[in-house]
Amino acid sequence: SAAAADGVDPLDQHANDSTTVNIPLAATARLEVATTGAFTGLTVVGAEVGWTFTVTNTGAVTATDVTLANTLGGLSALTFTWPSGGTAGVLAPGQSATATATSALTSEQIAALAVGNTVTAHGQTAQGAPIVSDPATAAIDLERAEGISLSVTSNLTGADTAPVQS
């Protein structure tokens, strides 16, 4: 920011001055997260659902201690792929990491014909200020598994068809 002043004093003499002040802007810290789910197979209790999560540092400062929090119970441990040559849990501005996990279908999810997961990314700045992403949600619509039917037909030939008496 710059300011300048120009004027005349009571003795009719001109005076002027200017100054420039630099005010540093705070660098922003921001994480964004996306999630997808994939399911193929029979809609039965215990069937595996695959989940993929991508967290990106869209801020202007490095994020450390980057983790993901999920709302889906029974999710397996997350397997992360961090940027090549980087440190686990650390994302420089513009970098992304991917994580995968699985879950097993429950009877409640099958009854609802849907399974969903909401994830939030967490981290902190070098100064320890928390960084929390907006939540991202993925939902999978399930199809009801076809039932099993059994039909038994009997065809007796050459047998005595007289009723049995007891």
Side-chain angles (χ1 to χ4, degrees), residues 1-5 17-151:
S1 180
D17 197 6
S18 65
T19 187
T20 301
V21 177
N22 291 320
I23 302 171
L25 298 175
T28 58
R30 183 166 173 79
L31 293 173
E32 290 186 11
V33 65
T35 183
T36 58
F39 174 75
T40 57
L42 291 178
T43 306
V44 295
V45 172
E48 187 174 278
V49 179
W51 300 98
T52 301
F53 313 97
T54 303
V55 58
T56 303
N57 181 350
T58 58
V61 298
T62 296
T64 61
D65 298 326
V66 176
T67 61
L68 297 173
N70 291 275
T71 60
L72 183 63
L75 194 69
S76 70
L78 296 170
T79 301
F80 279 92
T81 302
W82 297 98
S84 179
T87 303
V90 176
L91 292 176
Q95 287 186 323
S96 295
T98 302
T100 57
T102 60
S103 66
L105 286 181
T106 66
S107 58
E108 292 82 9
Q109 293 163 339
I110 293 170
L113 292 178
V115 58
N117 187 14
T118 299
V119 62
T120 307
H122 298 261
Q124 65 180 9
T125 65
Q127 293 76 30
I131 309 169
V132 180
S133 74
D134 291 333
T137 300
I140 300 171
D141 293 328
L142 302 173
E143 293 182 18
R144 192 165 308 280
E146 295 298 321
I148 298 174
S149 65
L150 178 62
S151 176

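Scope of the values below: all heavy atoms of this structure, side chains included, with no hydrogens, waters or symmetry mates.
Within the model, atoms OG1 of T58 and CD of Q95 stand 13.0 Å from one another, a figure rounded to the nearest 0.5 Å. Separating the CG atom in D134 from the CD atom in E32 is a distance of 8.0 Å, to the nearest 0.5 Å. Atoms CG and OG1, on N57 and T62 in that order, are 7.0 Å from each other to the nearest 0.5 Å. Taking CG from N117 and OG1 from T137, the interatomic distance works out to 8.0 Å, rounded to the nearest 0.5 Å. Rounding to the nearest 0.5 Å gives a distance of 13.0 Å between CD of E143 and CD1 of I110.
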Legend entry - Candidate pair D65 and Q124, rule side-chain hydrogen bond (donor to acceptor under 3.5 Å, both in side chains), full reasoning: CA-CA 6 Å; D65 298 326; Q124 65 180 9; 2.7 Å; yes
Legend entry - Verdict with supporting geometry, T120 and V33, side-chain contact (heavy atoms from CB on, under 4.5 Å): CA-CA 7 Å; T120 307; V33 65; 5.6 Å; no
Legend entry - side-chain contact (heavy atoms from CB on, under 4.5 Å) evaluation trace for V66 with V90: CA-CA 6 Å; V66 176; V90 176; over 6 Å; no
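A side-chain donor-acceptor contact under 3.5 Å links S76 to the backbone of T102. The backbone N or O of L72 sits nowhere less than 3.5 Å from a side-chain atom of N70 that would complete a donor-acceptor pair.
Side-chain contact, S103 with W51: a donor N or O sits under 3.5 Å from an acceptor N or O.
Nearest heavy-atom pair across A136 and T35 is O-CG2, 3.8 Å. Closest approach of V55 to L91, counting heavy atoms only: O-CD1, 3.8 Å. Considering all non-hydrogen atoms of both residues, F39 and A47 come closest at CE1-CB, 3.7 Å. Nearest heavy-atom pair, Q109 versus L142, reported as atom, atom and distance to 0.1 Å: O-CD1, 3.7 Å. Smallest separation of non-hydrogen atoms from A99 and L68: CB-CD1, 4.0 Å. Between H122 and V132, the shortest heavy-atom distance links the atoms ND1-CG2, 3.7 Å.
No side-chain heavy atom of T28 sits less than 4.5 Å from a side-chain heavy atom of V61. I131 places a side-chain heavy atom less than 4.5 Å from the side chain of T125. Inter-residue side-chain proximity for T100 and F53 is flagged as unmet; no heavy-atom pair is nearer than 4.5 Å.
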